[in-house]
Asker: 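So that we are looking at the same thing, I have put the structure below in structure tokens.
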Amino acid sequence: MISTLSAVRSRPLACTVRELATDSLWQCLPSAAIGSDIEKLDAWAKGQDNPEQAWQWGTLSLPGIASLATEIHKRLTHGPGFCLVRDLVAEQPRSLQRLVYLAIGTALGNVLENYGRLYDVRDRGVCYKKEVVPISMTCSATGFHTDSSARLVQPDIISLLCLQPGKTGGESRLCSAVTVHNYLAATAPQHLEQLYQPFIRDVVTPGAEKDLSCLRANAFPVFAPTGQFTFRYMRYWIETGHHRAEAPLTTQQLKAFDALDAALEIPEHVHTLRMEQGDQLWVNNRCVAHDRRAYTEYPSQPRTMVRMWVQTATC
């Protein structure tokens, strides 16, 4: 069991902004062989009715993409827990950008299809506080969280491909959950103990049952108390889940969330980056919390990111 009396040792590494000063820790450059792989994918796609659905890893020999996936995986499991690939296919048609991105995901593991293999993250003019919809459908800030509110659906890796950045805002913010856990263990163990207990989560993940009995069963801790280190959190869906289940959160639980939120926001814990066209961001969804700042768009060019959820045996 994780002890509140001591820090955990985990990979990805606990890290602070100061420790991320070396770009090589979190950025990744593809090998020269990837250009040939992109040409192979492009030629293959022209013979397919629906390349994104038809593609499976192993369909083609893609050594450059396989090598890049290996480097990404190293940073997700033995580095800071996230990896940025800059400007990989920015000059290519969007359909090919998406296919190259999907190929990397399938090289890393099994692509989950709860939202489809690839899911366009863009503002759809809805409000998550008025409808039970993912915050990804809005232009609002998300707050620090991990993806998926469903107990039985947990992507190990989440990723974004930037097709069109916003006009202002929209930066990604990343924070090591291992660092935050160890900070709370040292400064507020009484609050950390609360976060080992299960909390009901409102269900917004497609494919999950949403009746009241299923809602009450959709409960799991913020920090997993046994086995592999795992962090799963989005305060808003915990609060709405408990409200809908008629199971009010206690004062102690709310104080624990306040302490967690404060630790996530300590400047030394938060790495901020802005994605530009063609960039890919890969994140370990078990060990890194992520946030998106609110954004505005160019009227004729809506901000568009493409998200993928990947499950692996090694993250």
Side-chain angles (χ1 to χ4, degrees), residues 1-2 8 10-12 69 72-73 75-78 80-83 102 104-119 121 128 132-137 142-160 172 174-178 180-181 195-210 214-242 245 257 260 264 281-292 306-315:
M1 176 173 288
I2 297 171
V8 297
S10 178
R11 290 175 174 170
I72 292 170
H73 186 265
R75 287 160 177 79
L76 299 189
T77 56
H78 291 74
F82 62 91
C83 178
L102 176 62
I104 296 170
T106 56
L108 285 163
N110 176 43
V111 176
L112 300 182
E113 300 193 27
N114 299 78
Y115 287 88
R117 303 189 89 187
L118 300 179
Y119 168 73
V121 177
Y128 72 92
V132 182
V133 296
I135 298 180
S136 59
M137 292 183 177
T142 62
F144 274 113
H145 68 285
T146 55
D147 275 19
S148 183
S149 64
R151 181 173 62 89
L152 299 179
V153 180
Q154 185 179 11
D156 299 309
I157 298 171
I158 60 162
S159 60
L160 290 173
S172 294
L174 302 155
C175 181
S176 164
V178 181
V180 167
H181 176 278
L195 301 174
Y196 295 159
Q197 309 307 314
F199 293 94
I200 296 168
R201 321 294 177 105
D202 213 346
V203 183
V204 295
T205 304
E209 295 293 334
K210 300 181 182 180
C214 291
L215 170 67
R216 289 171 174 157
N218 191 51
F220 46 91
V222 173
F223 289 106
T226 58
Q228 181 182 9
F229 180 92
T230 299
F231 175 75
R232 301 189 71 181
Y233 184 60
M234 177 172 267
R235 181 167 180 169
Y236 181 77
W237 296 128
I238 293 174
E239 290 180 339
T240 60
H242 276 262
F257 292 154
L260 173 57
L264 287 165
L281 178 63
W282 300 84
V283 179
N284 186 318
N285 193 51
R286 288 180 176 271
C287 299
V288 175
H290 63 280
D291 174 30
R292 181 196 67 204
V306 183
R307 189 184 71 194
M308 186 170 15
W309 283 0
V310 181
Q311 207 162 39
T312 76
T314 53
C315 276

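Since this is a predicted model, take the numbers as computed values, not measurements.
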Asker: Taking atom CZ of F229 and atom CZ of F223, what is their separation to the nearest 0.5 Å?
Answerer: 5.0 Å
Asker: Looking only at heavy atoms, which two atoms of A69 and A107 are closest? And how far apart?
Answerer: CB-CB, 3.7 Å
Asker: Examine distances only and state if a side-chain atom of T230 and a backbone atom of A224 form a donor-acceptor pair shorter than 3.5 Å.
Answerer: no
Asker: Nearest 0.5 Å please: distance from the OG atom of S159 over to the CG atom of L108.
Answerer: 8.5 Å
Asker: Would you say that C214 contacts V203 through its side chain, given a criterion of any heavy-atom pair below 4.5 Å between the two side chains?
Answerer: no
Asker: With a 3.5 Å distance limit and no angle check, can you tell me whether T312 reaches the backbone of G109 through a side-chain donor-acceptor pair?
Answerer: no
Asker: Please report the shortest heavy-atom distance between S148 and V153, naming the atom on each side.
Answerer: OG-O, 2.5 Å
Asker: Decide if the gap between the ring center of F257 and the ring center of F199 is smaller than 6.0 angstrom.
Answerer: yes
Asker: Could you check R117 against T106 for side-chain contact (heavy atoms from CB on, under 4.5 Å), going step by step and ending with a plain yes or no?
Answerer: CA-CA 10 Å; R117 303 189 89 187; T106 56; 3.8 Å; yes
Asker: Which atoms form the tightest heavy-atom contact between H145 and G143, and what is the distance?
Answerer: ND1-O, 2.8 Å
Asker: Just by modelled atom types, is the R292 backbone N or O under 3.5 Å from a matching donor or acceptor in the T142 side chain?
Answerer: yes
Asker: Donor-acceptor check, side chain of R151 to backbone of A217, threshold 3.5 angstrom: yes or no?
Answerer: yes
Asker: For the atom pair CE (M234) and CZ (R201), what is the distance rounded to the nearest 0.5 Å?
Answerer: 10.5 Å
Asker: Please step through side-chain contact (heavy atoms from CB on, under 4.5 Å) for the pair H290 and D147, ending with a clear verdict.
Answerer: CA-CA 9 Å; H290 63 280; D147 275 19; 3.0 Å; yes
Asker: Distance from R235 atom CZ to T240 atom OG1, nearest 0.5 Å?
Answerer: 12.0 Å
Asker: Are side-chain heavy atoms of I238 and Y233 found at a separation under 4.5 Å?
Answerer: yes
Asker: Can you tell me how far apart CG (L152) and CG (N218) are? Round to the nearest 0.5 Å.
Answerer: 7.5 Å
Asker: Given side chains that start at C-beta, do those of D156 and V310 come closer than 4.5 Å, heavy atoms only?
Answerer: no
Asker: Between H73 and C83, does the side-chain contact (heavy atoms from CB on, under 4.5 Å) criterion hold? Intermediate values first, please.
Answerer: CA-CA 9 Å; H73 186 265; C83 178; over 6 Å; no
Asker: Determine the sole option in N284, N285, T77, L76 for which the side chain to side chain contact (heavy atoms under 4.5 Å, CB included) test with I157 is passed.
Answerer: L76
Asker: Could you check Y119 against S136 for side chain to side chain donor-acceptor pair (under 3.5 Å), going step by step and ending with a plain yes or no?
Answerer: CA-CA 10 Å; Y119 168 73; S136 59; 3.2 Å; yes
Asker: Less than 4.5 Å apart, side chain to side chain, heavy atoms only: is that true for F231 and V222?
Answerer: yes
Asker: So how far is it from I158 CD1 to M308 CE, rounded to the nearest 0.5 Å?
Answerer: 11.5 Å
Asker: Any side-chain heavy-atom pair from V180 and F144 closer than 4.5 angstrom?
Answerer: no
